[in-house]
Each structure stands twice: as structure tokens, then as C-alpha cells.
Amino acid sequence: MWRLAVPRGLLTLTPVRRMYLVAFCSSLGYMAANAVFPPFARELGYDVAAVGALMAIYAVASLLSRLPTGALVHGPRALLAAAAAALLQAGTTAAYPLIDGYSGLLALRGAGGMAFGVVTTVNMALLMGTIERPEQRGAATGWYLFWMAAAYSVGNYVSGFLVDTLGYGLTFQLAALVTLGVLPLLKGRSEGRREPVPAPHRAESFALRDLRRMASTALLVPALQAFTVNALSQLMWVFYPLYGLSVGLSLGLLGVQRGAYSSASMLTRPFVGQAGQRLRYSRIGTVALTISAVLTVLVPLFTGFWPLLALNIALGGLRSGALVASMAATIEHGGNDTRQRGLAAGLYNFATDAGNILGPLLGGVVAEQLGLPMMFVIMPVLLLGGYLGLLGASRVAVARQRGLGRAET
């Protein structure tokens with residue numbers, strides 16, 4: 001048990017709760033800065049395309065940091081890497097108003113994205129080590145994702161107000177200060193209980209073992225779920241406001257619907273994990289994804305506020321089901337090996353970032369060619385079809401391996 005020194009005895013922090021707060025501080029610092037970065041860049045005189053590139057480089061750098069972090073950063077180095085990355089994330093955020101020139105700003109965004117990817121990947125791997133009993137995985141995952149969603153929600157709410165009252169400079173500095181709140185939470189040992197891990201076979205390279213671990217069905221299925229649910233969600237976040245405006249909804253009404261979507265996703269997360277005690281996580285994720293795709297296809301059938309509000313609430317709740325289930329399954333796969341936990345966290349976060357990036361890109365191409373209504377039909381069908389196809393192929397491969405094993409015996 002760890003206790004905060006001030007106020008003494010008021011709050012007891014278990015290792016799991018420390019990981020929750022690390023996720024909250026890092027995500028809040030990220031969102032508070034990113035939510036107001038586009039208007040900040042526009043105020044500096046950059047055109048829309050240049051602003052888009054500045055936003056994209058952050059996401060791409062985060063994506064590219066995931067797998068190397070998961071493969072290379074584990075054991076005693078994990079806490080040091082997370083602390084260094086938090087310092088870098090905070091430093092690059094605070095420096096936005098100090099940089100004169102597009103290339104310098106682009107470099108800052110790339111470094112900040114890489115740092116955010118390292119912090120969140122290491123933190124997820126550390127979370128795996130703090131969960132001592134299997135029955136705790138679902139609840140811990142639900143609360144972990146709840147705190148991340150709460151950070152995004154608070155960041156969106158307060159960032160605009162802070163800019164209006166304090167200006168961009170102080171807003172970025174406050175976001176950096178929040179990120180530095182990660183550092184005191186990373187003190188001490190966060191690995192929980194560890195069972196002895198068999199020594200690796202020396203004839204096999206680390207790279208080859210890592211590839212085999214990442215290619216295992218138990219890890220690929222939740223990663224595919226994370227990719228698909230984030231790609232589906234991005235269709236709603238990026239393109240739904242455009243659809244709503246095209247059918248006559250105001251920005252205020254769209255804000256209510258987006259808020260309802262976020263709230264439903266955030267508030268249901270702690271409860272979704274409990275379902276894992278009765279059902280397999282892979283089944284929960286697949287059911288949630290299937291219903292999400294079906295409901296997304298229904299969006300163009302409605303133009304009124306209330307039916308679309310109901311759809312947004314349902315989709316928000318289903319998003320939490322798929323996210324919690326996929327992450328809980330990843331944690332379950334992590335086991336007691338710190339290297340395997342790192343690889344699992346790296347692949348899961350890589351898939352999450354890939355869905356966030358590819359969803360809007362592919363959706364934009366389809367919408368440009370066929371229109372927004374058809375995009376809401378075609379993209380969910382393609383994403384769900386790809387997920388179910390790969391899921392079926394993985395099940396066939398597992399069945400064949402079991403058949404070969406029985407034949408050899």
C-alpha cells in the first residue's frame with residue numbers, strides 16, 4: 001500500500017489505482033493541449049492542410065512508438081522509460097508557444113506523440129502486473145478505461161474555457177503541469193506479484209519469439225477488436241457532425257448527441273468488466289462490435305434529433321463493451337512474463353492507434369466518392385467483415401494446430 005504524504009492518511013493508493021491516475025494525468029494533459037491545438041495553429045497563420053499534418057504527425061508518432069516500446073521496455077526499465085517520456089510529453093506541450101517556424105512545431109508534435117505512446121504503453125503493461133487475481137481483470141480494465149475517458153471528457157470541457165480566460169500559452173503550460181503529475185505516481189515497484197518465468201530457449205532469437213507471441217490468436221483477436229471498434233467510433237466522431245448538419249441539426253443539438261455518446265461510453269465502462277465473470281471476453285467484444293456495425297449502418301435512415309440521440313447513446317455503450325472486453329482479454333494474455341505483458345500492451349495500443357488513423361482516412365475516401373450516407377453503410381460492413389473474416393481464419397488455424405497435435409500423439 002502507498003499513501004500520499006499530503007494530506008496524510010486521507011487517500012490510500014494501491015498499485016492499480018496509481019496506474020489509473022497515471023492514465024488520467026497523461027490523457028488529460030494530452031487532450032487539454034490537443035483539443036485547442038488546431039485553432040492555435042490556425043492563429044499562427046498555417047492553412048488547413050498544414051494544421052492537419054501537425055495533428056496527424058502526433059498520432060503517427062504515437063502509433064510507431066507502440067511496438068518498439070512493448071518489445072524493448074519491460075522490467076526495471078519500464079518506470080524509468082515512463083518517467084522520461086512523461087517529461088518529454090510535458091516539455092513539448094509547454095514549448096508550443098515558444099517555437100517559431102513550422103518545422104520546429106512539427107518536430108515538437110512528433111516528439112510529443114512518441115512520448116505519449118511510450119507512457120500509455122508502459123502504463124498498460126504495468127497495470128497487467130498489478131492485477132493479482134484473474135477475477136479482478138474485468139473490473140480493473142473497466143475502471144482504467146473509465147479514467148481515460150474521464151480525462152478526455154474533462155480536457156474537452158476545460159481547454160476552450162482556459163484559452164478564453166488565460167490564453168494559449170498558459171493553457172499549454174497547465175496541460176504540461178498536469179502531465180507532470182505522472183511522475184510521483186511512478187515511484188516504487190508496480191509489478192505486483194510475479195511467478196517464475198521459464199528461461200527462453202537460447203537457439204531462438206528474441207525477435208522471432210516476439211513475432212510468434214504477437215501472432216498468437218489469444219492476442220490478435222483483442223487487437224483486431226480494438227482496431228475495429230476505434231475505426232467505427234472515428235466514423236461517428238469525424239463524419240457524424242457533417243451528416244447531422246446536412247439533415248438540419250444545429251451545432252448545439254449535435255453537441256448534446258456527442259456528449260451523450262461520450263457519457264454513455266464512459267459511465268458504462270466500470271460495469272462491463274463484470275460481464276467477463278460469466279462470458280468470454282472475446283464473445284463480449286464480438287457481440288458489441290456486431291451490434292455497433294449494424295446500428296452505424298442505420299444512421300442514414302434517421303434525420304430527427306431523438307432517434308439519432310438514441311443511436312448515439314447505444315453506440316457509446318457498445319463502444320465501452322468492445323473496448324473493455326478487448327483490453328481485458330489482452331491483460332489476460334499478458335500473464336506473469338513482463339516481456340509478454342509489454343508486447344501485449346504494445347500490440348493492443350498499436351491496433352488502437354491504427355484504427356483511429358485509418359478509420360477517418362478510409363471513411364473520407366468513401367464519403368468523397370459515394371457521399372456521407374453511403375459511407376455510413378459501406379464502412380461498417382467492410383470493417384465488421386474484415387474482423388469476422390480474420391476471426392474465422394484464426395479459429396480455423398487453431399483447430400488445425402490442435403488436430404495436428406492429436407495426430408502426433
Within 6.0 Å of CZ in Arg283, more than 12 heavy atoms from elsewhere: no

Selection residues 33-44 - residue pairs positive for side chain to side chain donor-acceptor pair (under 3.5 Å), sequence neighbours left out: Asn34-Arg109

Side chain to side chain, Met375 and Val365, heavy atoms closer than 4.5 Å: no

Leu87 side chain near Leu180 side chain, heavy-atom distance below 4.5 Å: yes

Side-chain donor or acceptor of Gln257 paired with backbone N/O of Phe305 under 3.5 Å: yes

Under 3.5 Å: donor-acceptor pair, side chain of Ser233, backbone of Val229: yes

Side-chain donor-acceptor contact under 3.5 Å, Thr120 with Arg66: yes

Ser262 side chain near Trp237 side chain, heavy-atom distance below 4.5 Å: yes

Option among Thr286, Thr228, Leu289, Leu224 that satisfies the side-chain contact (heavy atoms from CB on, under 4.5 Å) test with Leu388: Thr286

Spatial distance of atom CG (Leu79) from atom CG (Leu183) [nearest 0.5 Å]: 11.5 Å

Flag side-chain contact, heavy atom, 4.5 Å: Thr14 against Thr130: no

Give the table of side-chain donor-acceptor pairs shorter than 3.5 Å for residues 138-155, with sequence neighbours excluded, one pair per line with atom names and distance.
from: Thr141; atom 1: OG1; to: Arg137; atom 2: O; distance (Å): 2.7
from: Tyr144; atom 1: OH; to: Asn123; atom 2: ND2; distance (Å): 3.2

Polar side-chain atom of Ser263 near backbone of Ala260 as donor-acceptor pair, under 3.5 Å: no

Residue pair Thr121 / Tyr348, side-chain donor-acceptor N/O under 3.5 Å: no

Whether Phe116 and Tyr58 hold their rings parallel, tilted or perpendicular, with breakpoints at 30° and 60°: tilted

Side chain to side chain, Tyr240 and Leu249, heavy atoms closer than 4.5 Å: yes

Test item: side-chain donor near acceptor, Tyr387 and Gln225, under 3.5 Å: yes

Within-4.5 Å side-chain heavy-atom neighbours: Leu174 and Leu166: yes

Side-chain donor or acceptor of Ser26 paired with backbone N/O of Val22 under 3.5 Å: no

Nearest heavy atoms of Arg258 and Pro241, plus distance in Å: NH1-CG, 3.1 Å

Gap between atom CG of Asp164 and atom OG1 of Thr171 - 0.5 Å precision: 8.5 Å

Side-chain touch Thr290/Leu384, heavy atoms, less than 4.5 angstrom: yes

Phe24 backbone acceptor or donor facing Ser27 side chain under 3.5 Å: no

Heavy-atom donor-acceptor pair, Arg269 side chain to Ser265 backbone, under 3.5 Å: yes

